[in-house]
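A, B, ... follow the sequence lines: proteins, then strands. Residue 1 opens every chain. Quantities reported herein were computed from a predicted structural model and do not represent experimental measurements.
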2 protein chains.
Amino acid sequence: MAMTTRRYHHGDLRAALLTRAEQTLRDKGPGALSLRELARDLGVSHAAPSRHFKDKQALLDALALAGFERLGAAMTAALEEAEDSFADRLSAVLRAYVGFAIGNAALLDLMYSVKHDPAASEALIAATNRLATLAAELIVDGQRRGEVRDGPVESIALPVMAALHGFAALVVSGALPPELVEQGLDDTVALVLRGALQTNAV
Amino acid sequence: MAMTTRRYHHGDLRAALLTRAEQTLRDKGPGALSLRELARDLGVSHAAPSRHFKDKQALLDALALAGFERLGAAMTAALEEAEDSFADRLSAVLRAYVGFAIGNAALLDLMYSVKHDPAASEALIAATNRLATLAAELIVDGQRRGEVRDGPVESIALPVMAALHGFAALVVSGALPPELVEQGLDDTVALVLRGALQTNAV
DNA sequence: ACCTGAACACCGTTCAAGT
DNA sequence: ACCTGAACACCGTTCAAGT
């Protein structure tokens with residue numbers, strides 16, 4: 001069973017590259033991410049990754065895509081555990097978003113970074129649309145319960161997404177010191193609530 | 001006067017590096033930014049930049065810092081031209097922020113990116129604090145006019161900043177298609193206004 | 001199908017030496 | 001003080017060739 005050393009490759013090089021890449025992204029930042037080092041770590045030649053990702057950018061795109069899937073899953077899970085009231089559901093989603101952001105700072109950066117090529121951008125935009133749908137469902141549900149004011153869903157869902165993402169981005173970039181995160185979280189939920197609720201419902 | 005070709009260097013290499021770097025950042029994206037190419041473009045040896053920036057990262061940090069100063073200036077200018085009402089002032093600031101984001105997408109990305117070294121981070125955090133102060137003044141002014149509800153300034157200013165930044169970030173990343181920007185801008189202002197105004201003032 | 005090895009054209013950084 | 005030139009240790013990408 002010691003025959004696994006440097007055969008062709010054990011199993012799924014593509015998956016191995018992705019998980020390893022995310023690890024170094026988390027541990028050493030995006031600047032330290034090199035295809036050659038990845039290949040070295042996995043005991044494979046430096047040209048091997050190109051079989052699975054035509055480009056370094058292609059690997060980054062795949063990483064970003066996986067990130068969106070996990071973020072969506074985290075938000076969905078948070079909603080499932082939350083109470084029924086709109087306030088609780090909004091708070092749960094924001095907390096899930098911020099939690100993901102703190103635990104995956106470099107990845108979130110990558111997910112929203114500008115330099116994706118058009119082909120992959122399509123898939124990434126689809127991924128963000130899934131998040132937007134999630135937000136829209138949150139709003140529609142609130143409207144159904146009579147808690148959120150009426151009107152086009154998007155006119156409420158988009159600003160809510162902006163606030164969620166903006167708060168998480170400020171936390172991740174270090175613009176908001178960690179000790180102010182909890183308070184800021186509550187204040188952001190409160191402002192969004194006031195903005196979204198039925199008039200006089202506060 | 002044709003003696004300027006490849007002497008030591010005409011004037012201020014540091015400034016020349018910064019402006020040129022920002023140009024290529026805008027035109028060809030962050031991936032295309034190379035110290036050696038910068039040096040080549042400016043007719044200087046590839047080792048020359050190291051006299052002015054110890055590091056590639058140091059150049060990026062300086063670029064980010066300059067970006068924050070210009071963003072702050074744009075927001076301040078927008079406030080000076082705006083009407084006195086809180087609604088107008090908020091709208092003006094958001095428009096300035098988004099305008100800067102669209103015109104300087106890669107730079108904004110860099111400004112809020114995670115990989116700054118601690119030394120420069122200090123200066124960058126100071127720069128974001130100046131933006132936070134600007135937002136706080138906007139709120140305080142609104143409270144003075146009796147338009148914004150009372151309470152700790154930060155509890156309103158931070159969520160407002162989050163919404164501003166988040167909306168701009170969504171636009172820049174392409175998550176929000178360009179044709180929806182105008183509508184989204186209005187909706188975001190509207191939600192933040194409802195969240196920040198005196199109850200029943202809508 | 002999947003990978004290797006060599007080759008090519010780049011990088012960033014450092015450091016003696018020049019003016 | 002400011003810059004050059006050479007050197008070092010890396011990159012990403014490509015492509016014939018191997019199994």
Side-chain angles (χ1 to χ4, degrees), chain A residues 3-25 27-64 106 110 113 115-120, chain B residues 3-25 27-64 106 110 113 115-120:
Chain A
M3 66 197 308
T4 31
T5 6
R6 187 80 55 110
R7 258 191 320 99
Y8 260 20
H9 191 262
H10 41 283
D12 190 350
L13 179 55
R14 193 193 136 92
L17 283 166
L18 282 174
T19 54
R20 183 80 196 187
E22 194 187 331
Q23 201 176 99
T24 65
L25 192 63
D27 295 346
K28 304 196 263 174
L33 203 56
S34 127
L35 288 181
R36 284 180 106 110
E37 186 173 357
L38 244 38
R40 248 180 271 128
D41 290 348
L42 296 175
V44 108
S45 98
H46 64 260
S50 75
R51 285 286 130 187
H52 302 277
F53 301 100
K54 86 174 222 294
D55 230 26
K56 186 180 186 182
Q57 188 58 50
L59 199 176
L60 295 180
D61 291 341
L63 231 35
L110 180 65
S113 93
K115 47 187 166 185
H116 303 289
D117 39 297
Chain B
M3 69 198 305
T4 31
T5 7
R6 187 81 54 110
R7 258 193 320 101
Y8 261 21
H9 191 262
H10 40 283
D12 190 350
L13 180 55
R14 193 193 135 92
L17 284 165
L18 281 174
T19 53
R20 183 82 195 185
E22 194 187 331
Q23 203 176 99
T24 66
L25 191 63
D27 296 346
K28 305 195 263 176
L33 203 56
S34 126
L35 288 181
R36 284 179 105 111
E37 186 174 355
L38 244 37
R40 248 179 272 129
D41 291 347
L42 296 175
V44 106
S45 97
H46 64 260
S50 76
R51 285 287 131 188
H52 302 278
F53 301 101
K54 86 174 222 294
D55 229 28
K56 186 180 185 181
Q57 188 58 51
L59 200 176
L60 296 179
D61 291 341
L63 231 34
L110 179 66
S113 92
K115 48 188 167 185
H116 303 288
D117 38 298

Item to check | S34(B) side chain near dC10(C) phosphate (N/O to OP1/OP2, under 4.0 Å) | outcome: no
Checklist entry - When you match A48(A) and R36(A) each to their closest nucleotide on DNA chain C, which lands nearer the 5' end? => result A48(A)
Checklist outcome for this item: Among the nucleotides dT14(C), dC10(D), dT4(D), whichever has the atom closest to the side chain of S50(B) is dT14(C)
Checklist outcome for this item: Between L63(A) and A21(A) the two heavy atoms that sit nearest each other are CD2-CB, 3.9 Å
Next on the checklist: Quick check for you: among dC3(D), dT14(D), dT13(C), whose closest atom lies nearest to any side-chain atom of H46(B)?
Outcome noted: dT13(C)
Checklist entry - With respect to the phosphate group of dC3(D), does any side-chain polar atom (N or O) of H52(B) fall under 4.0 Å of OP1 or OP2? => result yes
Item to check | Phosphate-side-chain proximity, R14(A) and dA1(C), N/O vs OP1/OP2 below 4.0 Å | outcome: no
Item to check | Whole-Å distance separating the NZ atom of K54(B) from the P atom of dT13(C) | outcome: 8 Å
Item to check | Residue closer to the 5' end of DNA chain D, L33(A) versus R51(A) (nearest nucleotide) | outcome: L33(A)
Checklist outcome for this item: Between L25(A) and A106(A), the two heavy atoms sitting closest are O-CB, 3.7 Å
Next on the checklist: Please report the distance, rounded to the nearest Å, between CZ in F53(B) and C1' in dT14(C).
Outcome noted: 18 Å
Checklist outcome for this item: In terms of heavy-atom contacts, V44(A) and P49(A) come closest through CG1-CD, 4.4 Å
Next on the checklist: Does the structure show a Watson-Crick or G-U wobble partner for dA7(C), both distances under 3.5 Å? Name it, or say none.
Outcome noted: dT13(D)
Next on the checklist: Expressed as a whole number of angstroms, how long is the span from L35(A):CG to dC10(D):P?
Outcome noted: 16 Å
Checklist entry - How many Å lie between CZ on R40(B) and P on dG12(C), as a whole number? => result 9 Å
Item to check | E37(B) CD to dG12(D) C1', straight-line distance once rounded to whole Å | outcome: 16 Å
Next on the checklist: Counting only side-chain heavy atoms from C-beta out, which of dG12(C), dT14(C), dT13(D) sits nearest to A47(B)?
Outcome noted: dT14(C)
Checklist outcome for this item: In terms of heavy-atom contacts, D61(A) and A120(A) come closest through OD2-CB, 2.9 Å
Checklist entry - Can you tell me the Watson-Crick or wobble partner of dA1(C), both distances under 3.5 angstrom? => result dT19(D)
Checklist entry - What is the minimum heavy-atom distance between F53(B) and A62(B), and which atoms define it? => result CE2-CB, 3.9 Å
